[in-house]
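Before any comments, here is the structure.
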Amino acid sequence: MERRTIGAATLEVGAVGLGCMPMSWAYTGSRRRGDESTRTVHRALDLGTTLLDTADMYGPFTNELLVGRVLRERRAEAFVATKVGLLVGEQHIVANGRPGYVKRACDASLRRLQTDVIDLYQLHREDPEVPVEETWGAMAELVQAGKVRSLGLCAVGARAGRRPGAGMHDATIRRLRRIQQVFPVSAVQAELSVWSREALTDLLPWCAARGIGFLAAMPLGNGFLSGTLTPGQGFEPDDVRARHPRFTAEMMAANQPIVAGLRRIAARHGEGTTPAQVALAWLLTLGPHVVPIPGTKHEHWATENATATTLPLTPKDLAEIAALPPAQGSWD
């Protein structure tokens with residue numbers, strides 16, 4: 001697989017990563033199988049998908065344990081990215097950015113992941129009660145202690161607290177400017193896909209201008225851009241899509257033209273090419289610092305996603321993608 005470098009530290013990763021969250025969190029619980037998920041991680045590594053993205057809150061904790069079972073055998077082949085800053089309760093999630101907690105959480109993640117060092121340690125969410133510089137400073141101390149190689153910031157929740165008239169990622173960029181004064185940011189993780197393009201306006205160019213890697217979260221639109229979901233199919237209560245405005249039967253039907261456009265492009269590239277591969281290949285054209293991290297718990301999809309790196313999109317393909325309608329039923 002093509003290799004890409006992210007951040008000033010020139011961290012090298014496979015061009016497409018693996019989001020491990022669906023193996024333990026957020027999606028249909030009845031379909032999770034630990035043994036299949038483990039095989040999926042092994043398969044991804046076989047294909048050159050080195051970046052494994054997890055978090056201590058996924059499960060909570062069980063996702064890091066799962067990834068750790070693979071790392072025990074194949075640590076040298078993997079680029080380990082995990083996150084800190086969120087605590088999961090019975091019916092709620094709260095942020096915790098206190099320096100002491102961050103350091104204890106890192107030690108716990110290292111134990112679960114069965115490794116001596118985390119390649120990319122990401123702040124999942126800012127704690128509103130702790131200056132972000134204090135949290136980031138504690139994370140920087142982990143780099144100096146040799147427990148972490150580089151630091152990243154997640155901006156997945158950028159819609160929260162958005163001011164009228166402000167750009168979606170204005171607050172994130174202000175936060176990035178502040179923490180850059182404390183310790184370099186190597187990567188930013190934010191939602192970016194064919195149907196969620198807001199990061200193209202400001203956040204992606206901001207990162208590119210500073211040599212900061214961009215990890216494209218939800219690059220397949222929570223599975224919608226794969227073309228495998230049927231409007232009105234319904235989701236189990238523990239599946240995040242059961243509460244997502246874009247996954248009502250009405251909105252899934254209204255957004256079918258986006259999938260249809262990806263299918264047309266895939267068809268021009270021959271039998272076996274899928275809408276998901278087109279969606280991922282489009283992200284790879286946005287810059288050498290962009291690394292999509294599609295999530296899956298199945299070997300088949302991990303294989304399909306990895307081979308998107310070999311799909312050459314033409315100027316006609318890119319023009320058609322640019323002309324696709326915006327998604328309806330956004331979080332806004």
Side-chain angles (χ1 to χ4, degrees), residues 6-9 11 19-21 24-26 51-69 71-72 75 78-158 160-161 171-190 212-213 215 217:
I6 58 174
L11 308 164
C20 298
M21 182 184 74
S24 312
W25 181 258
L51 194 158
L52 307 178
D53 185 74
T54 181
D56 56 2
M57 72 163 288
Y58 298 159
F61 312 128
T62 54
N63 200 244
E64 287 187 331
L65 289 168
L66 186 155
V67 173
R69 290 194 290 272
L71 294 179
R72 182 175 56 197
R75 179 64 182 92
F79 182 95
V80 184
T82 192
K83 310 178 190 75
V84 67
L86 287 177
L87 295 171
V88 181
E90 285 295 324
Q91 298 292 330
H92 64 282
I93 297 174
V94 296
N96 189 337
R98 299 185 183 282
Y101 168 73
V102 168
K103 293 177 181 179
R104 293 192 301 273
C106 179
D107 287 340
S109 287
L110 287 168
R111 288 193 297 271
R112 287 188 291 268
L113 291 166
Q114 301 192 49
T115 184
D116 295 327
V117 63
I118 294 165
D119 295 306
L120 178 66
Y121 204 37
Q122 303 165 92
L123 179 58
H124 216 156
R125 295 291 186 276
E126 179 184 1
D127 186 338
E129 297 183 359
V130 179
V132 70
E133 291 88 349
E134 291 185 15
T135 304
W136 199 254
M139 295 172 69
E141 289 179 20
L142 294 170
V143 178
Q144 293 157 4
K147 297 179 179 182
V148 170
R149 289 199 172 100
S150 62
L151 302 183
L153 179 74
C154 292
V156 177
T172 296
I173 291 175
R174 288 196 299 272
R175 190 174 301 118
L176 284 164
R177 289 193 178 112
R178 289 167 59 189
I179 62 178
Q180 279 278 65
Q181 302 303 311
V182 178
F183 191 87
V185 180
S186 288
V188 172
Q189 182 172 158
I212 295 173
L215 307 186

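Within the 4.5 Å cutoff, the side chain of Ile118 has no heavy atoms near those of the Phe79 side chain. At a threshold of 4.5 Å between non-hydrogen side-chain atoms, the residues Leu113 and Leu110 do not count as touching. At least one side-chain heavy atom of Gln189 sits less than 4.5 Å from a side-chain heavy atom of Asp53. For the pair Val80 and Leu52, the minimum side-chain heavy-atom distance is 4.5 Å or more.
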When the side chains of residues 58-65 are checked against the rest of the protein, which donor-acceptor pairs come out under 3.5 Å, sequence neighbours left out?
residue	atom	partner	partner atom	Å
Tyr58	OH	Lys83	NZ	3.3
Asn63	OD1	Thr54	OG1	2.6
Asn63	ND2	Cys20	O	2.8
Asn63	ND2	Ser24	OG	2.9
Glu64	OE1	Ser109	OG	3.2
Glu64	OE1	Arg112	NE	2.7
Glu64	OE1	Arg112	NH2	2.9
Glu64	OE2	Thr82	OG1	2.6
Glu64	OE2	Ser109	OG	2.9

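Other residues, nucleotides and ligands contribute only 12 or fewer heavy atoms inside 6.0 Å of the CG atom of Asp116.
Remark: Ala187 pairs with Ile6, Leu120, Leu215 by the side chain to side chain contact (heavy atoms under 4.5 Å, CB included) rule, at least two apart or across chains. The side-chain hydrogen bond (donor to acceptor under 3.5 Å, both in side chains) check on Arg98 picks up nothing, with sequence neighbours excluded. Residues meeting the side-chain hydrogen bond (donor to acceptor under 3.5 Å, both in side chains) test with Glu134, sequence neighbours left out: none. Qualifying side-chain hydrogen bond (donor to acceptor under 3.5 Å, both in side chains) partners for Gln180, counting only residues two or more places apart in sequence or in other chains: none.
Atom CG of Leu123 is separated from atom CG of Leu151 by 9.5 Å, given to the nearest 0.5 angstrom. In this structure, OG in Ser150 is found 8.5 Å from CD in Gln122, a value given to the nearest 0.5 Å. Of the inter-residue distances, the one linking Met139 atom CE with Gln144 atom CD reads 12.5 Å to the nearest 0.5 angstrom. To the nearest 0.5 Å, the span separating OG on Ser186 from CG on Leu153 amounts to 12.0 Å. Atom CD of residue Glu141 and atom CH2 of residue Trp136 lie 13.5 Å apart, to the nearest 0.5 angstrom. Atom SG of Cys106 is separated from atom NZ of Lys147 by 6.0 Å, given to the nearest 0.5 angstrom.
Proximity of a side-chain donor or acceptor of Arg75 to a complementary backbone N or O of Ala78 within less than 3.5 Å is detected.
Residue pairs that meet the salt bridge (Lys or Arg N to Asp or Glu O under 4.0 Å) test with at least one member in residues 179-189, sequence neighbours left out, do not exist here.
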